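Encoded as structure tokens, the structure appears first; notes follow it.
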Amino acid sequence: MDHEHHADHHRMMAEDFKRRFWISLVLSLPVLALAPLIRGALGLQDALSFPGDRWVQAAFATAVYGYGGWPFLKGLFDELRERQPGMMTLIGLAISVAFAYSVAVVAGVPGKTFFWELATLVDIMLLGHWIEMRSVLGASRALESLIELMPDVAHRILADGAVEDVPLAELRSGDRVRVKPGEKVPSDGVVRDGGSGVNESMLTGESRPVSKKAGDEVIGGSVNGEGSLVVEITGTGEESYLNQVVELVRRAQESRSRSQDLADRAARWLAGLAITAGALTLVAWLAFGFEFSFALERMVTVMVITCPHALGLAVPLVVAVSTSLSARQGLLIRDRAAFERARDLDAVVFDKTGTLTEGRFGVDAVRAEPGIDEDELLRLAAAVEVHSEHPIAVGIVSEAASRELGIPDSEGFRSATGRGVEARVEGHSVRVLSPGGAAGAGFAIPESDELAVGGRTVVYVVRDDELVGAIALADVLREESRAAVAELQSLGLRVLMLTGDSSEVAESIASRLGLDEVFAEVLPDEKADRIRELQERGLKVAMTGDGVNDAPALATADVGIAIGAGTDVAVESADIVLVRSDPRDVSALLDLAGKTHRKMVQNLWWASGYNIVAIPLAAGVLYGWGVLLSPAVGAILMSLSTVVVAINARLME
């Protein structure tokens with residue numbers, strides 16, 4: 001709601017500048033037509049001359065000054081009241097000085113009026129601000145598109161099976177809704193019936209549709225594919241994932257950053273410089289013997305062209321674009337200062353379980369005795385383990401299913417804690433035993449089984465009192481982990497792992513991934529100490545973990561990155577949340593941080609640097625060569641500098 005209010009405010013401002021521009025443009029036509037310089041240039045000096053024409057021109061100019069210039073005059077008073085002179089102060093002073101002097105000339109003071117220059121200056125400034133407001137709205141459009149992901153209505157299923165269309169605000173946890181092919185999921189929930197591929201790309205950055213079946217979670221705003229789903233609502237309103245994302249993005253866009261503070265200070269200095277340069281320009285031209293009207297025009301042009309508006313927008317526009325862009329890629333920035341620090345990192349530390357690995361047991365190796373093949377061994381083991389919820393059992397059954405082995409029925413299942421499980425499968429007695437259970441049953445188990453290397457867990461399969469093979473299981477390495485480590489090392493960063501597992505397990509994972517360093521057998525409360533050790537070496541460190549037992553380490557690191565957050569984005573200890581649970585997104589994050597910084601620097605240099613040329617040009621240093629800028633031309637150049645800054649920010653997309 002806050003973001004919608006903010007966006008509506010910008011729309012209202014854009015509409016206000018648009019309306020004032022067109023009305024002021026019409027009011028400016030008589031001012032231009034009655035200007036002696038323009039009449040003379042068009043050869044209409046006598047045709048448009050009549051008694052009191054100067055007062056008529058003054059009346060129309062007053063309307064332009066009062067109506068078209070009101071936003072700048074109001075801004076002038078607001079900035080002076082807050083003792084923070086800026087762009088509005090410069091424009092307000094420029095048009096007020098030009099107007100007051102011109103009215104005095106009409107009233108009888110010797111000199112030259114500036115009514116047509118005043119009118120065109122106001123028109124150009126209104127046009128520039130209208131274009132700028134549209135650019136700001138465009139930069140924030142990516143965040144609005146997140147809000148627009150939610151559908152207008154949901155198809156709620158009633159107790160009698162009938163379906164009614166209701167607004168999203170009427171949905172409650174526990175309601176069941178039908179999501180038709182091609183429709184958006186109305187809110188977070190769990191699939192209760194049906195199956196489909198769901199496109200979550202605008203929410204998590206995952207480009208491929210994610211298969212969903214009964215029992216799977218779905219995110220509000222994701223787009224259903226070809227199937228029909230019945231979803232039970234679990235989160236509505238502020239509880240929903242999308243609303244949490246929007247809130248995180250909004251906070252990040254509004255948060256201050258070091259670059260923004262630098263830009264604000266520079267803008268204040270530039271405003272002071274503009275007033276000083278304008279005054280010096282006036283004094284200098286008068287000292288050279290030029291008439292007051294000429295010197296005044298130079299002063300007004302300097303003050304207009306030096307307006308620090310582009311400087312004030314240089315950083316906020318980049319922030320708006322980069323934060324919204326990161327949200328679309330599944331990178332949620334909670335702390336912009338930490339995001340800016342990410343480009344200076346020296347090392348990235350990963351937690352093992354749930355970060356580099358999937359946090360579940362998987363079959364890593366199978367050894368079958370003569371007379372039985374690997375698939376048959378797995379099929380027998382899975383037939384017994386299918387009755388167990390133990391992580392080892394889940395891993396064996398999952399492997400058999402992935403090989404499409406067809407798990408046979410079993411009966412008489414029994415479990416002995418610490419020893420193993422057994423059941424009858426296809427008329428045979430089949431047991432899956434731990435090393436201790438196998439040794440206790442009288443089987444010759446080697447003290448150092450080669451399958452157990454690297455800290456793997458080994459179980460032994462016995463059929464009718466005959467040892468027929470062994471299965472080694474280990475924490476499943478994420479497919480993306482090897483690529484993630486390689487990408488980070490290619491950027492010149494050291495990649496380390498922090499885990500509570502044994503040294504043997506940790507070294508095995510490290511050798512497979514090519515890690516630079518490993519901290520093993522580290523208790524949760526000791527992880528923060530290891531991060532501090534790295535910082536004491538002079539390294540800037542990012543910690544990447546699941547945000548649960550890694551919380552102290554995430555908070556201690558220069559940049560804390562939570563991975564594996566799924567739909568729970570409220571990871572308070574992390575600076576940045578990776579929605580996709582993909583460690584490769586760490587390098588994507590660093591890449592975006594670098595691009596964002598470069599865009600900020602480019603905008604700051606442009607917004608400040610163009611004044612090096614603009615101020616002397618506006619002051620009239622090339623007057624001897626026939627080059628002289630009017631206040632209106634100065635306004636055009638100032639407005640163009642703002643548009644350049646806005647376009648450069650949008651080029652990040």
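It should be emphasised that the depicted structure is a prediction, and the values quoted were computed from it without experimental measurement.
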*Taking it one step at a time, do Leu126 and Ser24 satisfy side chain to side chain contact (heavy atoms under 4.5 Å, CB included)?*
CA-CA 9 Å; Leu126 288 172; Ser24 297; 3.6 Å; yes
_Shortest non-hydrogen contact from Val64 toward Ser28_ = CG2-OG, 3.8 Å
*Find out whether Val106 and Phe115 are in side-chain contact, i.e. whether some heavy atom of one side chain is under 4.5 Å from a heavy atom of the other.*
yes
*State the CG-CD distance between Leu32 and Gln57, to the nearest 0.5 angstrom.*
8.5 Å
*asked:* Could you check whether any side-chain heavy atom of Tyr623 comes within less than 4.5 Å of a side-chain heavy atom of Phe288, counting everything from C-beta outward?
replied: no
_Student check: side-chain heavy atoms of Val541 and Val349 closer than 4.5 Å_ = yes
*Any side-chain heavy-atom pair from Glu340 and Met600 closer than 4.5 angstrom?*
yes
*Given side chains that start at C-beta, do those of Val26 and Trp22 come closer than 4.5 Å, heavy atoms only?*
no
_How long is the straight-line distance from CZ of Phe339 back to CG of Leu590, given to the nearest 0.5 Å?_
9.0 Å
*For the pair Tyr65 and Phe99, name the ring-plane relationship: parallel under 30°, tilted 30 to 60°, perpendicular over 60°.*
parallel
_On a heavy-atom basis, which atom in Leu554 and which in Ile561 lie closest, and how many Å separate them?_
CD2-O, 3.4 Å
*asked:* Could you work out, with salt bridge (charged side-chain N to carboxylate O under 4.0 Å, His left out) as the rule, every residue matching Arg598, not counting sequence neighbours?
replied: none
*Please report the C-alpha distance between Arg341 and Asp344 in whole Å, then the side-chain angles of each, then the deciding distance to 0.1 Å, and finally whether the salt bridge (charged side-chain N to carboxylate O under 4.0 Å, His left out) criterion is met.*
CA-CA 6 Å; Arg341 291 195 298 269; Asp344 296 323; over 6 Å; no
*asked:* Using side-chain heavy atoms (C-beta onward) and a distance below 4.5 Å, is Thr596 in contact with Val318?
replied: yes
*Gap separating the CG atom of Leu589 from the CD1 atom of Ile576, nearest 0.5 angstrom*: 4.5 Å
*OG/Ser326 to CG/Asp585 distance, rounded to the nearest 0.5 angstrom?*
11.0 Å
*Would you name the heavy atoms of Val302 and Ala277 that are closest together and state the gap between them?*
CG1-CB, 3.8 Å
*Between the main-chain N or O of Gly560 and the side-chain N or O of Asp575, is there a donor-acceptor pair closer than 3.5 Å?*
yes
*asked:* To the closest 0.5 Å, what do you measure between NZ (Lys540) and CG (Asp346)?
replied: 6.0 Å
*What pair of heavy atoms forms the shortest contact from Ser587 to Leu491, and how long is it?*
CB-CD1, 4.4 Å
*Inspect the surroundings of CZ in Phe21 and state if more than 12 heavy atoms from other residues, nucleotides or ligands are less than 6.0 Å away.*
yes
*asked:* For a quick test of reading the model, state the closest non-hydrogen atom pair linking Trp285 to Ala295 and the distance between them.
replied: CB-CB, 3.7 Å
*Under 6.0 Å between ring centres, would you say that holds for Trp55 and Phe60?*
no
For residues 66-74, please give each side-chain donor-acceptor pair under 3.5 Å, one per line with the distance, not counting sequence neighbours.
unit_1 : atom_1 : unit_2 : atom_2 : d
Lys74  : NZ     : Asp78  : OD2    : 3.1

*Would you give the length of the straight line joining atom CG of Leu34 to atom CZ of Arg54, rounded to the nearest 0.5 angstrom?*
11.5 Å
_Nearest heavy-atom neighbours spanning Leu345 and Ala542_ = CD1-CB, 3.5 Å
*asked:* Walk me through whether Arg584 and Glu487 qualify under side chain to side chain contact (heavy atoms under 4.5 Å, CB included).
replied: CA-CA 8 Å; Arg584 291 176 300 182; Glu487 288 174 6; 4.2 Å; yes
_I'd like to check Phe350 versus Leu488 (side-chain heavy atoms, cut-off strictly below 4.5 Å). Are they in contact?_
yes
*Just jot down the salt bridge (charged side-chain N to carboxylate O under 4.0 Å, His left out) partners of Arg298, sequence neighbours excluded, or say none.*
none
*Would you indicate whether the side-chain heavy atoms of Pro583 and Thr544 approach each other to under 4.5 Å?*
no
